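Just so it is clear, the structure is predicted and the values come from calculations on it, not from any experiment.
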Amino acid sequence: FNPETNIMYYIPERDGAIVKIFDALGRGIKVLDAGIKDPGYHTIKWDGKDGYGKKVSAGIYLYQLQIGQYVRTNKMVLIK
């Protein structure tokens with residue numbers, strides 16, 4: 001992606017959801033969203049910036065979605 005990407009997910013019932021971004025070494029970059037979500041489809045945008053508002057460098061990043069006890073991690077590549 002360049003310069004931003006959308007992360008889409010589905011929640012079957014009202015539950016807590018957290019979306020986090022990590023670099024390839026597993027260091028936390030940014031928490032995109034956290035809180036109680038209603039059932040349905042949700043989309044969160046990542047603009048390629050860290051928690052301090054600075055643009056991250058090109059490379060491999062991971063996003064982790066946690067909904068209740070469910071955890072899923074996916075890879076994404078930032079190309080500049």
Side-chain angles (χ1 to χ4, degrees):
F1 69 94
N2 183 14
E4 58 188 37
T5 189
N6 290 318
I7 298 169
M8 296 175 282
Y9 58 95
Y10 175 78
I11 297 179
E13 59 187 40
R14 186 172 167 85
D15 206 343
I18 302 171
V19 180
K20 298 177 185 177
I21 303 294
F22 296 91
D23 66 12
L25 298 175
R27 296 179 293 212
I29 300 295
K30 186 174 189 176
V31 175
L32 291 182
D33 197 14
I36 302 296
K37 301 292 180 191
D38 289 326
Y41 290 94
H42 299 270
T43 302
I44 185 86
K45 184 184 293 185
W46 183 41
D47 57 5
K49 295 180 182 177
D50 65 13
Y52 299 104
K54 296 182 180 181
K55 291 185 178 183
V56 297
S57 60
I60 297 173
Y61 292 89
L62 306 169
Y63 75 85
Q64 183 181 72
L65 169 63
Q66 181 177 352
I67 302 169
Q69 298 298 316
Y70 173 82
V71 178
R72 181 172 181 173
T73 304
N74 285 327
K75 182 172 37 173
M76 54 189 167
V77 179
L78 173 61
I79 300 171
K80 291 188 177 185

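Taken from CD1 in Ile7 to CG in Leu65, the straight-line distance is 8.5 Å, to the nearest 0.5 Å. Between the CD1 atom of Ile11 and the CD1 atom of Ile67 there is a distance of 4.5 Å, given to the nearest 0.5 Å. Of the inter-residue distances, the one linking Ile21 atom CD1 with Leu62 atom CG reads 8.5 Å to the nearest 0.5 angstrom.
Applying the salt bridge (charged side-chain N to carboxylate O under 4.0 Å, His left out) rule to Asp50 yields no partners; only residues at least two apart in sequence or on another chain are considered. Asp15 meets the side-chain hydrogen bond (donor to acceptor under 3.5 Å, both in side chains) test with no other residue; sequence neighbours excluded. Applying the side-chain hydrogen bond (donor to acceptor under 3.5 Å, both in side chains) rule to Lys20 yields no partners; only residues at least two apart in sequence or on another chain are considered.
A ring pair (Phe, Tyr, Trp, His ring centres under 6.0 Å) check over residues 11-39, counting only residues at least two apart or in different chains, returns nothing. Among residues at least two apart or in separate chains, there is no salt bridge (charged side-chain N to carboxylate O under 4.0 Å, His left out) pair with a member in residues 70-79. Pairs passing the side-chain hydrogen bond (donor to acceptor under 3.5 Å, both in side chains) check and including a residue from residues 54-70, sequence neighbours excluded, read Tyr63-Asn74. Legend: side-chain hydrogen bond (donor to acceptor under 3.5 Å, both in side chains) pairs involving residues 32-47, not counting sequence neighbours, sorted by first then second residue: Glu4-Lys45, Arg14-Asp38, Asp33-Lys37.
Minimum heavy-atom separation, Lys80 to Asn2: CA-ND2, 3.8 Å. Nearest heavy-atom pair across Pro39 and Pro12 is CB-O, 3.6 Å.
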Which donor-acceptor pairs under 3.5 Å do the side chains of residues 24-31 make with protein atoms, sequence neighbours left out?
unit_1, atom_1, unit_2, atom_2, d
Arg27, NE, Asp23, OD2, 2.6
Arg27, NH2, Asp23, OD2, 2.8

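Think of Ile79 as one node in a network of Ile, Leu, Val, Met, Phe, Trp and Tyr side chains linked at under 4.5 Å; its network also takes in Ile60, Val77.
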